[in-house]
Amino acid sequence: MGYLGQFSRTRWGGGVLLALALGGAPGCYFMRPSSGAGQTTFQSPRIFDPASVVLPAGFKIEVVARDLTFPTGITFDAQGRIYVVESGYSYGEVFNQPRLLRLDQPGGSPTVVASGGSSGPWTGVAFHAGNFYIADGDVRVGGRVLRVGPDGATHELIKGLPSVGDHHTNGPVISPDGWLYFGQGTATNSGVVGRDNLEFGWLKRHPTFHDRPALPVTLTGENFAGDDLLSPESRRQVSTGAFLPYGTPSQKGQVIPGSPRPTGAVLRLRVEGGEPEVVAWGLRNPFGLAFAPDGTLYVTENGYDDRGSRTVWGAPDTLWRIETGTWYGWPDYAAGLPLTDPQFRSPGNKAPGFLLAQHPNPVPRPAARFAVHSSANGFDFSRAAGFGYEGEAFVAIFGDMAPSVGKMLGPVGGKVVRVDPRNGVITNF
């Protein structure tokens, strides 16, 4: 279950902001216990106590809605009414019904505007010119972007996006000039299909699925060997290379062609639909998208986990300032740093090597780096003088899912942080 919370500044009145949380030394790793958020326990019922939430002086928080299931996005219509999307899917192969809900009155039952049957996850929603736009990451048949009318009538703007792996079709957000931007996550953690993808549930459903680059890339030829997970009774070994189906080895110098619908990218299309344009790529899971008051697009990226055939240790989440046509480093960089740096070597494993023989461009410097396994997700910018912090980004931090993402000595979420994109300073809100 989830809830919706509203922050308001009481000192001056005026602006209101809504935020929705989605969701040492190597020797210490072996000596100290882990206590990540994924290892906590919960006993029903869930108690909502706004008084227990820490806020800056002059602000208050109140519960707007409760008993939601996997809420992932918020928007407002032209009358200022609140809408929320429920995902309909959660990791762990939990399937529910994705829905677009209107919250007519605080504490009342929501009105269902549209539902998605067995598709999902619905990861976000935007309102523009009388319609709702929803990112549907349908893990069974592929991602879509939907246009939903005020009467609930649903139309597919695009379908068949590569969203059946670890990460999904995310967003969307409408630009000041009327384009619809959305994120498309990667199939894998770090470029290679392996055991973790079997555990996620999708490898058996889609045994030939793998990552796709936006432009042609040349491989170093590094392969990752292990037991054949799809035919364990055979007791044979298979090798898998980057950007290739499970069990398919790569060759040094092999060129993987680019795709107009890549994984790990930000894309855009007209609100009328059509074929997408690639805006940026080399992003592991570009989940949150928002335009700053000056019209610049920013994206939150969920960083690598310590799992799979090619483990990556201690990778932070990132806030990126997006420049059209730029590659942002995945699968060979994390938050602007090369994975060959010793800090990314997982204890007990070898340091990750490069998968690409040449890199498309120098990797930019991030606008901000969040804590490891923050799960920095949905966000927006303050535009209200009454609320304060104009031009700063307010980011929902879901927190870690340890131990599946790697070892954590303490939870890092859930909370809302504000980020000054001019200097990268992150402050708990």
Side-chain angles (χ1 to χ4, degrees), residues 25-26 29 165-167 185-198 200 203 209-229 237-259 262-265 281-285 301-318 326-366 369 372-373 405-407:
Y29 174 92
D166 285 8
H167 309 113
T186 57
T188 64
N189 175 46
S190 58
V192 182
V193 183
R195 180 176 297 277
D196 55 329
N197 310 122
L198 181 74
F200 266 59
L203 182 54
F209 186 62
H210 57 90
D211 283 298
R212 312 171 184 173
L215 295 176
V217 294
T218 302
L219 303 181
T220 60
E222 183 176 9
N223 295 307
F224 300 81
D227 295 334
D228 187 346
L229 302 173
Q237 293 271 301
V238 296
S239 291
T240 307
F243 293 100
L244 292 168
Y246 177 72
T248 304
S250 64
Q251 305 296 322
K252 183 178 181 179
Q254 181 176 354
V255 176
I256 303 295
S259 170
T263 59
W281 61 299
L283 296 155
R284 180 179 175 274
N285 190 26
E301 179 191 27
N302 295 164
Y304 302 83
D305 296 333
D306 184 25
R307 60 175 171 88
S309 302
R310 185 171 177 255
T311 59
V312 180
W313 169 265
D317 285 10
T318 310
T326 300
W327 173 75
Y328 282 84
W330 188 91
D332 282 349
Y333 283 71
L337 304 173
L339 292 189
T340 51
D341 190 300
Q343 69 177 301
F344 298 120
R345 183 180 68 82
S346 175
N349 294 292
K350 68 175 184 177
F354 285 155
L355 298 179
L356 306 185
Q358 296 96 32
H359 295 133
N361 54 253
V363 179
R365 180 181 177 84
R369 294 186 178 102
V372 175
H373 302 319
V405 299
K407 200 167 183 68

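Everything numeric in this text was worked out from a predicted model, so none of it was measured.
Of the possible donor and acceptor atoms, one in the side chain of Thr220 sits under 3.5 Å from a partner among the backbone N and O of Phe354. Remark: side-chain polar atoms of Asn197 are paired, donor with acceptor, to backbone N or O of Gly194 under 3.5 angstrom. Under a 3.5 Å cut-off, the side chain of Asn285 and the backbone N or O of His167 do not form any donor-acceptor pair. Looking only at distances, no side-chain donor or acceptor of Asp317 sits under 3.5 Å from a matching main-chain atom of Arg369. A donor-acceptor pair under 3.5 Å links the side-chain atoms of Asp332 to the main chain of Leu355, judged by distance alone. Between the Thr263 side chain and the Arg212 main chain, a donor and an acceptor come within less than 3.5 Å of each other. Within the 3.5 Å criterion, the main-chain N or O of Pro352 finds no donor-acceptor partner in the side chain of Arg345. Under the 3.5 Å distance criterion, the side-chain polar atoms of Asp305 are left unmatched by any main-chain donor or acceptor of Arg307.
Every ring pair (Phe, Tyr, Trp, His ring centres under 6.0 Å) that Phe200 has, sequence neighbours left out, goes to Tyr91. Under the rule for a ring pair (Phe, Tyr, Trp, His ring centres under 6.0 Å), Tyr246 has no partner lying at least two apart in sequence or in another chain.
With rounding to the nearest 0.5 Å, the separation of CD in Gln251 from CG in Asn223 is 7.0 Å. A distance of 6.0 Å separates CG of Asp166 from CG of Asp196, quoted to the nearest 0.5 Å. Separation of atoms NE2 (His210) and CG (Leu244) is listed at 6.5 Å; rounding is to 0.5 Å. Remark: Thr311 OG1 to Asn189 CG distance equals 8.5 Å, nearest 0.5 Å. Remark: Thr340 OG1 to Tyr333 OH distance equals 7.0 Å, nearest 0.5 Å. In this structure, Ser250 OG and Leu219 CG are separated by 5.5 Å, a value rounded to the nearest 0.5 Å.
Between the side chains of Asp211 and Thr188, at least one donor N or O lies within less than 3.5 Å of an accepting N or O. Asn349 and Arg310 are not linked by any side-chain donor-acceptor pair at a separation below 3.5 angstrom, with hydrogens and angles left out of the test.
When every heavy atom of Pro316 is checked against every heavy atom of Thr318, the shortest pair comes out as O-OG1, 3.9 Å. Minimum interatomic distance between Gly329 and Tyr304 (heavy atoms only, all atoms of both residues): O-OH, 4.3 Å. Of all the heavy atoms in Ala334 and Ala315, the pair that sits closest is CB-CB, 4.1 Å. In plain terms, the two heavy atoms of Pro364 and Tyr328 that are nearest each other are CG-CE2, 3.7 Å. Minimum interatomic distance between Gly247 and Thr240 (heavy atoms only, all atoms of both residues): N-OG1, 2.9 Å.
Side-chain contact between Asn302 and Arg284: present, with at least one pair of heavy atoms (C-beta onward) separated by less than 4.5 Å. The closest side-chain heavy-atom distance from Asp306 to Val312 is not below 4.5 Å. Proximity of Trp313 to Pro347: side-chain heavy atoms (C-beta onward) are separated by under 4.5 Å at one or more points. Annotation: side chain of Leu215 is not in contact with side chain of Trp327 (no heavy-atom distance under 4.5 Å). In this structure, Pro331 and Phe243 have side chains that are in contact, with non-hydrogen atoms separated by less than 4.5 Å. Val193 is not listed as a side-chain neighbour of Pro245, based on a closest heavy-atom distance of 4.5 Å or more.
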task = Decide side-chain contact (heavy atoms from CB on, under 4.5 Å) for Phe344 and Leu339; before the verdict, give the C-alpha distance in whole Å, the side-chain angles of both, and the deciding distance to 0.1 Å.
result = CA-CA 6 Å; Phe344 298 120; Leu339 292 189; 4.0 Å; yes

